Number of protein chains: 2
Amino acid sequence: MQLNRTAYVVLGMIRLGRRTGYEIKSLVDVSTRFFWAASYGQIYPELRRLEEAGLIEGEDDPESGRRRRSYRLTAAGERALHDWLTSPEPHVLELRDEGVLKFFFADALDPDEQIALLRRMRERYEGVSERLEAIQPGAQAARDARGEEFAYFTLEWGISHAGFMADWCSRMERRVAASR
Amino acid sequence: MQLNRTAYVVLGMIRLGRRTGYEIKSLVDVSTRFFWAASYGQIYPELRRLEEAGLIEGEDDPESGRRRRSYRLTAAGERALHDWLTSPEPHVLELRDEGVLKFFFADALDPDEQIALLRRMRERYEGVSERLEAIQPGAQAARDARGEEFAYFTLEWGISHAGFMADWCSRMERRVAASR
DNA sequence: TATAGCATGTAATTAGTTACATGATTAA
DNA sequence: TTAATCATGTAACTAATTACATGCTATA
């Protein structure tokens, strides 16, 4: 059975505990979104496909009257997730960074414009860093309460990665300014 | 006129000199590919659209008998490229890194599997680094000959970025191994 | 009572890849 | 002569986003 990557995001999120589509989307938006985004338009159809394939099992839990369907992993789903995590297949690795793309073509700009571009790139990454730092307390709590260590390590990675990019922009701003 | 990002890749490549679709694809594959990929299936239709929009102008140059059509920027094309490069619109910034995604869910793995995952991630980035270093001599020549300074800076960025990722994997491998 | 949030979903669109077809030229 | 490279292109498909529709519940 061929699964796309987003299917594994869904399986992974459900593995952490019974989840609704809405909850999966909320979790994605404060975690994997920074290295693997997913929208409602993918998640809900994916939940149906995964249930048909027997990898997850849904249950309607009214909870109060509001319509709500939450899912848990089946043994087959657990296996599929583990197989993917340990699979030796080369990892998908795609970066689409419009800032770097513009920078690549920045010979067409004059020095002031080049510096302005770098400043915008830097501010972009500083913004990412801030949003990640805002998430940190919650992630720390999840780590301590439910032992989600690697999710926390990944957040650390995100912060240092955004920091690396912002620093690189700073250094380049100074370099361009110096040679102006 | 709404242009997609790949249109700007095409415009930017043509700005560096008269180019065929084939040449654009070859250039993309050794440069922007690492932060903005593009396939034939995008490039050829895009060339036609850009010509219809009057941003580029194609000319058949038989050169020998082989069918061949090369393009140059029009004044409008030059302007469109410059407007995009200086536009204050927020940059598209998307990362899809299956290694980091797996790492995020790696609480489901045992320590040996976690370390194996990190090793695969590291080797992936080391491979990127090697490919970029192989490109360096050519990029250096282009910088010296045609003053493509920012293209060269971008290559430097790529190498240090891949280095950052590989180093992060190394550190994490040691950290996981230590706590095993 | 109104607004924010919970919750599910889809239709239309855009973006992008893959795989193929075609044929010429150049170098081994 | 054969394989690699130059060169153009498209059809089919997969992936993903955007924008919308629907309706409930809790809180200010």
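To find a chain, count down the sequence lines: A is the first, B the second, and so on, and within it residues start at 1. For clarity, every value in this text was computed on a predicted model and none was experimentally measured.
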Could you tell me the separation between the CD atom of B/Glu59 and the P atom of D/dA7, rounded to a whole number of Å? 15 Å

Spacing between B/Glu98 atom CD and D/dA15 atom P, to the nearest angstrom: 12 Å

Separation of atom NZ in B/Lys25 from atom P in C/dA19, rounded to whole Å: 13 Å

Measure the angle between the two terminal helix axes of the helix from C/dT1-D/dA28 to C/dA28-D/dT1, five base pairs each, and quote it to 10°. 30°

Can you spot which of B/Val10, B/Leu81, B/Leu11 makes a side-chain contact (heavy atoms from CB on, under 4.5 Å) with B/Leu3? B/Leu11

Test A/Arg18 against A/Glu59 for salt bridge (charged side-chain N to carboxylate O under 4.0 Å, His left out), laying out the working first. CA-CA 10 Å; A/Arg18 194 166 259 296; A/Glu59 193 191 351; 3.5 Å; yes

Answer yes or no for B/Arg19 and B/Tyr71: cation-pi contact, defined as NZ/CZ to six-membered ring centre under 6.0 Å and angle to ring axis within 45°. no

Considering heavy-atom distances to DNA chain D, does B/Glu94 or B/Ser26 have its closest nucleotide positioned more toward the 5' end? B/Ser26

Charged N to carboxylate O under 4.0 angstrom, A/Arg49 versus A/Glu52? no

Atom pairs, protein N/O to nucleotides 8-10 of chain C N/O, distance under 3.5 Å:
residue, atom, partner, partner atom, Å
C/dT8, OP1, A/Arg69, N, 2.9
C/dT8, OP1, A/Arg69, O, 3.1
C/dT8, OP2, A/Gly21, N, 3.3
C/dT8, OP2, A/Tyr22, N, 2.9
C/dT8, OP2, A/Tyr44, OH, 2.9
C/dT8, O5', A/Tyr44, OH, 3.4
C/dT8, O3', A/Arg67, NH2, 2.6

Working to the nearest 0.5 angstrom, can you tell me the gap between B/Leu85 CG and B/Tyr8 OH? 9.5 Å

Is B/Thr6 near enough to C/dA15 that one of its side-chain N or O atoms lies under 4.0 angstrom from OP1 or OP2? no

For A/Ala37, does its backbone N or O pair with a side-chain atom of B/Arg96 as donor and acceptor, under 3.5 Å? yes

For B/Arg96 and C/dA15, give me the distance from atom CZ to atom P, rounded to whole Å. 15 Å

Take atom CZ of B/Arg5 and atom C1' of C/dT14, then tell me their distance rounded to the nearest Å. 12 Å

Between D/dT10 atom P and B/Arg49 atom CZ, what is the distance in whole Å? 11 Å

Under a 4.0 Å N-O cut-off, is there an ion pair linking A/Arg79 with A/Asp83? no

Do A/Phe104 and B/Trp36 come close enough that some side-chain heavy atom pair is under 4.5 Å? no

B/Asp107 and A/Tyr152 side chains, donor-acceptor separation under 3.5 Å: no

Between P of D/dC6 and CZ of B/Arg19, the distance in whole Å: 14 Å

From CZ of B/Arg66 across to P of C/dA27 the rounded distance in Å is 10 Å

